[in-house]
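One structure below.
Here is the naming used below: chain letters follow the sequence lines, and residue numbers restart at 1 for every chain. Worth saying up front: this structure is predicted, and the values here are computed from it rather than measured.
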2 protein chains.
Amino acid sequence: MHTIDEIIQSMASRGLRITDQRKTLAKLFAESPGYLAPKEVYEFMGKSYAGLSFDTVYRNLRVMEELGVLEQVMFEEGVKFKLHCREHDHHHHMICLQCGHTYPITYCPMEQTAVPDDFRVVKHKFEVFGYCKECVQEETAASER
Amino acid sequence: MHTIDEIIQSMASRGLRITDQRKTLAKLFAESPGYLAPKEVYEFMGKSYAGLSFDTVYRNLRVMEELGVLEQVMFEEGVKFKLHCREHDHHHHMICLQCGHTYPITYCPMEQTAVPDDFRVVKHKFEVFGYCKECVQEETAASER
DNA sequence: TTTTTTGCAAACGTTTTGCAAGAAC
DNA sequence: GTTCTTGCAAAACGTTTGCAAAAAA
């Protein structure tokens, strides 16, 4: 849903300077199907930028998150980022534990959940974790080796 | 479901020494209705133990988690602990953002969720966040002051 | 030329570790 | 007496900050 240009556009229109690093970040997230840890982002970026510093990656991730370009989710292993979902419909995710790839779930459990009147609901989280087709196949192949 | 004695028993039966600190921890979690951050645990424990060190609290939380006495959950604000749910039925939680109190939700969204055949589900997470009766009242009272 | 962004270094908060003294068994 | 647990100190880790140099506008 998000092209590289759209991401760059939305950063530029908010007064951010479009640096090479930010272009690369836009490309990375536009092409990445799932969640990325800051360290993974740093390592990817490091391939293109010799003297890259971790804190710049962090700063840019935070800026992009504050802009609404990225969304941040807490996993057991720590914070991860992905492109903010642009879909209009409220939805949830199936997340591959191996590759981080996410797939939308249109069903929302709140429809069926009985909440007491005296509990004021603010938000909810529904996530399904497992292994996607590709990663199941790899795993099977590896164990047969 | 967990009494102090049951917790202590299950620690002793696994070869752990029953120290004063561990007794106090058992009491704290047996009587606490919701999630506690390590810092909160440390602060509570500090009232009873003069020269208490943070790392001992951490070690004990981890040991109790490995034993299955506690369960650990990642929130935006960091890791928190609570007694491991002993209920036989699979269930989820409503969690108060103010006091950390948890309430069970018997409904499980997986019943209704269409998962593609080629995605191998390992686990899922369904959590409802909001404010419980008591905390809504406090908030209302505070804003009217 | 002005303002933002970057890399560096250092600080910060949380969590983990090695070790010797102390406590539980 | 043996083994586990504790407190201390220090390290490790992820994340944030201040600052001067460099780059974008």
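- Listed in residue order, the members of residues 60-76 of chain A having a heavy atom less than 4.0 Å from DNA chain C are A/Asn60.
- Checked by atom type and distance alone, the side chain of A/Gln137 never pairs as donor or acceptor with a backbone atom of A/Glu134 at under 3.5 Å.
- Residue contacts for A/Thr56: at a heavy-atom cut-off of 4.0 Å it reaches a base atom on one of the strands shown.
- Across all non-hydrogen atoms, the minimal contact from A/Gly34 to A/Lys82 is O-CB, 3.6 Å.
- Between A/Phe54 atom CZ and D/dT16 atom P there is a gap of 11 Å when expressed in whole angstrom units.
- You won't find any donor-acceptor pair under 3.5 Å spanning the side chain of B/Arg22 and the base of D/dT5, going by distance alone.
- With values rounded to the nearest 0.5 angstrom, B/Ile7 atom CD1 is found 12.5 Å from B/His84 atom NE2.
- Residue B/Met45 contributes atom CE, which lies 13 Å from atom C1' of D/dT5 at whole-angstrom precision.
- In this structure, the CD atom of A/Glu77 is 16 Å from the C1' atom of D/dC13, given to the nearest Å.
- Taking atom CG on A/Leu52 and atom C1' on C/dG7, their separation rounds to 9 Å, with Å as the unit.
- The residue among B/Gly78 and B/Arg17 whose nearest nucleotide of DNA chain C lies closer to the 5′ end is B/Gly78.
- At whole-Å resolution of the value, CD in B/Gln21 and P in C/dG22 are 16 Å apart.
- When the C1' atom of D/dT5 is taken as reference, atom CD1 of B/Ile18 falls 12 Å away, rounded to whole Å.
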Sequence neighbours excluded and cut-off under 3.5 Å, please list the side-chain donor-acceptor pairs for residues 99-114 of chain B, or say none.
| residue | atom | partner | partner atom | Å |
| --- | --- | --- | --- | --- |
| B/Thr102 | OG1 | B/Pro33 | O | 3.4 |
| B/Tyr107 | OH | A/Tyr107 | OH | 2.2 |
| B/Thr113 | OG1 | B/Pro109 | O | 2.7 |

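- Among the nucleotides D/dT5, D/dG14, C/dG7, the one closest to any side-chain atom of A/Lys39 is D/dG14.
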Name each donor-acceptor pair under 3.5 Å that joins a side chain in residues 38-54 of chain B to protein atoms two or more places apart or in another chain, with its distance.
| residue | atom | partner | partner atom | Å |
| --- | --- | --- | --- | --- |
| B/Glu40 | OE1 | B/Ala37 | N | 2.6 |
| B/Tyr49 | OH | B/Asp20 | O | 2.8 |
| B/Tyr49 | OH | B/Gln21 | N | 3.4 |
| B/Tyr49 | OH | B/Thr24 | OG1 | 2.5 |
| B/Ser53 | OG | B/Asp55 | OD1 | 3.3 |
| B/Ser53 | OG | B/Thr56 | OG1 | 3.0 |

Exercise answer: donor-acceptor pairs, residues 61-78 of chain B side-chain atoms, under 3.5 Å, sequence neighbours excluded:
| residue | atom | partner | partner atom | Å |
| --- | --- | --- | --- | --- |
| B/Glu71 | OE1 | B/Cys85 | N | 3.1 |
| B/Glu77 | OE1 | B/Lys80 | NZ | 3.4 |

What are the atom names and distances for every N/O pair under 3.5 Å that joins the protein to nucleotides 19-22 of chain D?
none

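- Following rounding to the nearest Å, A/Lys80 (NZ) and D/dG14 (P) show an atom-to-atom distance of 13 Å.
- Listed for the B/Arg22 side chain is a donor-acceptor partner under 3.5 Å among the backbone atoms of B/Arg17.
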Compile the donor-acceptor pairs under 3.5 Å between side chains in residues 122-133 of chain A and protein atoms, sequence neighbours left out, one pair per line.
| residue | atom | partner | partner atom | Å |
| --- | --- | --- | --- | --- |
| A/His124 | NE2 | A/His90 | NE2 | 3.1 |
| A/His124 | NE2 | A/His92 | NE2 | 3.2 |

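- As a whole-Å value, the separation of B/Tyr49 OH from D/dT5 C1' is 13 Å.
- The base of C/dA9 sits with one of its N or O atoms less than 3.5 Å from a complementary donor or acceptor on the side chain of A/Asp55.
- A/Leu36 and A/Met11 end up in the same hydrophobic cluster when Ile, Leu, Val, Met, Phe, Trp and Tyr side chains are linked at under 4.5 Å.
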